[in-house]
Amino acid sequence: MRTNIRNLGILAHVDAGKTTLTERILYATGTTHKRGEVHDGTTVTDFDSQERDRGITIFAAAVSCTWDGHRINLIDTPGHVDFSDEVERSLRVLDGAIVVFDAVAGVEPQSESVWRQADRYGVPRIAFVNKMDRVGADLDAAVASIRERLHPVPLVAHLPIGQENEFVGVVDLVEMCTLSWVDGRCVEGPVPEALQTEAQRRRHILEEAVAERHPAAMEEFCTDSTISAATLATALRDLTHSGEGLVVLRGSAYRNRGIEPLLAAVVAYLPSPLDVPPVQGIQDGTVTQRHADPAEPFAALVFKVVATATGRLTYLRVYSGMIQKGAIVLDVEARRTERVARILRVHADRHTELDQASAGDIVAVIGPKSARVGASLCAPKAPLLLERPRVANPVVSVA
Ligand code: GDP
């Protein structure tokens, strides 16, 4: 189901912990069975050897994992400023993003540049303040620096339990429960007596910020002096989708703390392909919209091409229609047809073969020999040259 897909990027300043977080997400979702470590070069998303050697994420890779009945397609975007072209290419195909901040450093220069790029592409975001275990981790200062330098309305959804080495869990301020990490597992429990007052105070701050911006939440707030968990969750989702608020979560990727609540927030607050505006393109000289509907003609954008031992993997974001294994597609700009011999879903270091792929999904195909990054692949009878999705006043150059 398309509502169960999240096409997601992780954006961060280099060193904020994006690779480690990606790794932990793959581990938590059962996509990998061994935790990779950045410092020993075993992370699975950074599979390019040059990237391993340099210890930074240069080449974006897309991996699929499942969480709570949802397919999360994780597009690993590079954080290094020299490669911002690649960041932009990846942003074209995302429906939402996690922005990772360092709990000690707060907003760093590259966080600002990726933030602006995400603004440009209208990508809804949630924030993950990472490295909560580090000495000097300052929760409120990190949130203040996000507010001051990036100007979103932070909607802080977690009250941390313990600091630095003693960071053992969070109070989820929406559900008003604790999530703590015991023997590497996330365990839910009631809010302890000692944290009740502070949790209530923080929940009230969250409710006020949400009520100010969301009519249904405001109505409940005025009537009941509080907002129910269900309305609060809906409001947080709506505010995330519209970009009017930024849900802020906390954790430590390295210590594997906060990953499950983050995944729950991805599912709850970030949009599915059906929640984002339809993609636009030029068909026969006319601006045409395509919806994330399998019944519409096939249209996809190539956002990554990687030479691997399996073959030339052409990564596609399918915007509309369906594609079957063996289908002939048109590379619109190159005016060339190509055969899609195989369709793969890539899960970090392995893949599964698919018979078809459908609107909203991200897959890799083998067969197209020359389709380049940025190419529009379409049903030959309905050629659509895709624009950059969701950019204000997009410029379309027709070849
Ligand atoms: P990236 O450049 O954003 O991909 O960051 P990495 O994932 O490569 O992490 C940079 C460094 O920070 C590595 O040495 C990680 O082990 C370390 N790191 C990542 N997450 C955490 C965390 O939660 N706590 C601490 N203390 N270190 C972390």
Side-chain angles (χ1 to χ4, degrees), residues 6-12 15-39 42-46 57 61-77 79 96-103 125-134 137 139 142 156-175 177-189 236 240 246-270 347-349:
R6 298 290 178 277
N7 292 319
L8 175 71
I10 301 184
L11 309 176
D15 245 27
K18 186 181 59 189
T19 311
T20 310
L21 179 62
T22 306
E23 201 64 37
R24 298 304 189 255
I25 289 175
L26 297 178
Y27 182 71
T29 55
T31 314
T32 53
H33 298 287
K34 140 177 122 48
R35 285 212 313 248
E37 299 299 343
V38 173
H39 54 259
T42 60
T43 63
V44 282
T45 42
D46 289 358
T57 312
V63 294
S64 263
C65 48
T66 32
W67 176 260
D68 194 21
H70 289 70
R71 182 179 316 126
I72 299 176
N73 293 320
L74 208 53
I75 298 121
D76 186 25
T77 56
I98 301 169
V99 187
V100 185
F101 297 95
D102 182 321
R125 282 147 264 179
I126 56 178
F128 185 70
V129 179
N130 188 32
K131 305 199 183 184
M132 284 294 301
D133 59 307
R134 275 187 64 190
L139 334 163
V156 179
H158 280 173
L159 166 67
I161 307 174
Q163 297 237 38
E164 300 172 354
N165 256 337
E166 308 295 309
F167 172 59
V168 291
V170 293
V171 177
D172 178 328
L173 295 172
V174 177
E175 296 296 336
C177 63
T178 59
L179 301 165
S180 37
W181 298 285
V182 180
D183 298 332
R185 305 183 79 109
C186 183
V187 181
E188 195 177 316
L236 290 178
T240 302
L246 177 72
V247 173
V248 181
L249 308 174
R250 286 157 172 157
S252 163
Y254 187 71
R255 297 201 177 210
N256 214 19
R257 289 176 182 173
I259 311 304
E260 295 86 350
L262 178 64
L263 287 166
V266 162
V267 164
Y269 307 137
L270 288 178
H347 316 270
D349 48 359

S.K.: Which atom names give the shortest non-hydrogen contact between A253 and G17, and what distance separates them?
M.R.: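 Nearest heavy atoms, A253 then G17: CB-O, 4.4 Å.
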
S.K.: Do the side chains of W181 and N256 get nearer than 4.5 Å, heavy atoms only?
M.R.: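 N256 does not reach W181 side chain to side chain.
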
S.K.: Search all heavy atoms of F101 against all heavy atoms of A127 and return the closest pair with its distance.
M.R.: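 So the two residues come closest at CE1-CB, 3.8 Å.
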
S.K.: Nearest 0.5 Å, please: how far is OH in Y254 from CG in D133?
M.R.: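 If I round to the nearest 0.5 Å, the distance is 9.0 Å.
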
S.K.: Counting C-beta onward and ignoring hydrogens, is there a side-chain heavy-atom pair between V129 and V248 closer than 4.5 Å?
M.R.: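 The answer is yes; the side chains approach within 4.5 Å.
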
S.K.: Less than 4.5 Å apart, side chain to side chain, heavy atoms only: is that true for H347 and V63?
M.R.: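 H347 vs V63: side chains apart.
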
S.K.: How many angstroms lie between atom CG of N130 and atom CG of D102, to the nearest 0.5 angstrom?
M.R.: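 Rounded to the nearest 0.5 Å, the CG-CG separation comes to 7.0 Å.
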
S.K.: For residues E188 and L179, report the shortest heavy-atom separation together with the two atoms involved.
M.R.: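 Looks like CG-CD2, 4.0 Å.
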
S.K.: Using the side chain to side chain contact (heavy atoms under 4.5 Å, CB included) rule, pick out the option among V100, I98, I10 that qualifies with T22.
M.R.: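 Only match with T22 under side chain to side chain contact (heavy atoms under 4.5 Å, CB included): I10.
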
S.K.: Roughly how far apart are C186 SG and R257 CZ, rounded to 0.5 Å?
M.R.: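 Those atoms lie 11.0 Å apart.
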
S.K.: Please find the pair of heavy atoms, one from T66 and one from T29, that lie closest to each other, and give the distance.
M.R.: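 In terms of heavy atoms, the two residues are closest at O-CB, 3.3 Å.
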
S.K.: Please list all pairs meeting side chain to side chain donor-acceptor pair (under 3.5 Å) that have one or both residues in residues 158-172, counting only residues at least two apart or in different chains.
M.R.: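 Only N165-R255 qualify under side chain to side chain donor-acceptor pair (under 3.5 Å).
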
S.K.: Of the non-hydrogen atoms in L11 and A97, which two are nearest, and what is the gap between them?
M.R.: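 Closest approach of L11 to A97, heavy atoms only: CD1-CB, 3.8 Å.
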
S.K.: Measure the CD1-CD distance between I259 and E23 for me, rounded to the nearest 0.5 Å.
M.R.: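 That separation rounds to 11.0 Å.
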
S.K.: Do T178 and V187 make a side-chain contact, defined as non-hydrogen atoms from C-beta onward lying under 4.5 Å apart?
M.R.: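 No, too far: nothing below the 4.5 Å cut-off.
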
S.K.: Tell me the closest heavy-atom pair linking A137 and K131, and the distance in Å.
M.R.: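 Scanning both residues, the minimum pair turns out to be CB-O, 3.8 Å.
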
S.K.: Report the distance from atom CD1 of I72 to atom CH2 of W67, rounding to the nearest 0.5 Å.
M.R.: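 Here the rounded value is 8.5 Å.
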
S.K.: The criterion is side-chain hydrogen bond (donor to acceptor under 3.5 Å, both in side chains); which residues satisfy it with R250, sequence neighbours excluded?
M.R.: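 By the side-chain hydrogen bond (donor to acceptor under 3.5 Å, both in side chains) rule, R250 matches no residue at all.
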
S.K.: Taking C-beta and beyond as the side chain, do V170 and L249 meet within less than 4.5 Å on heavy atoms?
M.R.: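 No, too far: nothing below the 4.5 Å cut-off.
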
S.K.: L263 and D68: side chain to side chain contact (heavy atoms under 4.5 Å, CB included), yes or no, with the steps?
M.R.: CA-CA 9 Å; L263 287 166; D68 194 21; over 6 Å; no

S.K.: Quick one: pull up CZ in F167 and OG in S180 and give me the separation to the nearest 0.5 Å.
M.R.: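 One finds 10.5 Å between CZ of F167 and OG of S180.
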
